[in-house]
Amino acid sequence: MSNDIQLIVGLANPGPEYQNTRHNAGAWFIEELCRSNNITLKNDPKYFGYSAKMYIAEQEVKLLIPTTFMNLSGKSVSALANFYKIKPEQILVVHDELDLSPGVAKIKKGGGHGGHNGLKDIIAKLANNKEFYRLRIGIGHPGHRDKVTGWVLGKAPQADQEKIDAAIDEAVRCTEIWFKQDLKKAQNRLHSFSAE
């Protein structure tokens, strides 16, 4: 088995007013993964989120969308990870990424939080272990750091949204390649993809 991922987390802010905002790109990935595999997420208060389990290449994987606010994502992730004894390096966190253009997604392991409040809290709640995997969904950058908050909490224009959706669609396919084959193949395919 080339993959040891046991938990995939899609970061988001809770509530209908945030549902279509760029910061929720991680949740869109989980929703698409569920939709394409006919899986239903259920509200799971003990993990402060929506959770489900699925099998990819005969491997059981937990899915989680925290219902805490973004800056408290670690509360949800650590609750589930601690309960199932899942190590940080067995976790894939899917999140919006300012440094990638819409239509681009990339997988990496470890690294800092890059100012992302969700990642910051997860790292803190995992005892400062940064070794989890990240699937970064590009949302583009507003051009100035003072505009970042409004940008991530705003809706993407339709042209950008279509590119983000296409990248998520491709990322779902590449996640399955990762599980069935290996990470390198998944990265090679995903990292050469760019929605036009």
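- Residue Phe132 forms a side-chain contact (heavy atoms from CB on, under 4.5 Å) with just one option from Leu126, Leu92, Val77, and that option is Leu126.
- Here the side chain of Asp160 pairs no donor or acceptor atom with the backbone of Ala156 at under 3.5 angstrom.
- By the 6.0 Å and 45° rule, Lys62 stacks over the aromatic ring of Tyr84.
- Of the possible donor and acceptor atoms, none in the side chain of Asn43 sits under 3.5 Å from a partner among the backbone N and O of Tyr50.
- Atom-to-atom distance recorded for Lys185:NZ and Lys180:NZ is 14.0 Å, nearest 0.5 angstrom.
- The 12-atom threshold is not exceeded at NZ of Lys87, counting heavy atoms of other residues, nucleotides or ligands nearer than 6.0 Å.
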inquiry  = Would Cys34 and Thr40 count as a side-chain contact (heavy atoms from CB on, under 4.5 Å) here? Give the steps.
reply    = CA-CA 6 Å; Cys34 289; Thr40 308; over 6 Å; no
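- At a threshold of 4.0 Å, the pair Lys109-Glu131 counts as salt-bridged, since one of the basic side-chain nitrogens sits closer than that to a carboxylate oxygen.
- In this structure a side-chain-to-backbone donor-acceptor pair under 3.5 Å is present from Asn37 to Leu33.
- Under the 4.5 Å side-chain heavy-atom criterion for Ile, Leu, Val, Met, Phe, Trp and Tyr, Ile107 and Val104 are members of distinct hydrophobic clusters.
- Geometric assessment of Arg189 against the ring of Phe193 yields a negative cation-pi assignment under the 6.0 Å and 45° thresholds.
- Exactly one residue among Leu11, Ile39, Leu41 makes a side-chain contact (heavy atoms from CB on, under 4.5 Å) with Ile30. That residue is Leu41.
- Pairing each heavy atom of Lys155 with each of Asn20, the nearest pair is CG-O, 3.3 Å.
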request  = Begin with the C-alpha distance, continue with both residues' side-chain angles, and end with the deciding distance and a verdict on salt bridge (charged side-chain N to carboxylate O under 4.0 Å, His left out) for Arg35 and Glu32.
outcome  = CA-CA 5 Å; Arg35 198 189 58 72; Glu32 180 55 33; 2.7 Å; yes
From CA spacing to verdict: side-chain contact (heavy atoms from CB on, under 4.5 Å), His116, Asp96 = CA-CA 9 Å; His116 192 292; Asp96 56 309; 2.8 Å; yes
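- Under the 4.0 Å criterion applied to side-chain N and carboxylate O atoms, Lys42 and Asp44 are assigned as salt-bridge partners.
- Distance check: Ile5 CD1 to Ile86 CD1 gives 10.0 Å after rounding to the nearest 0.5 Å.
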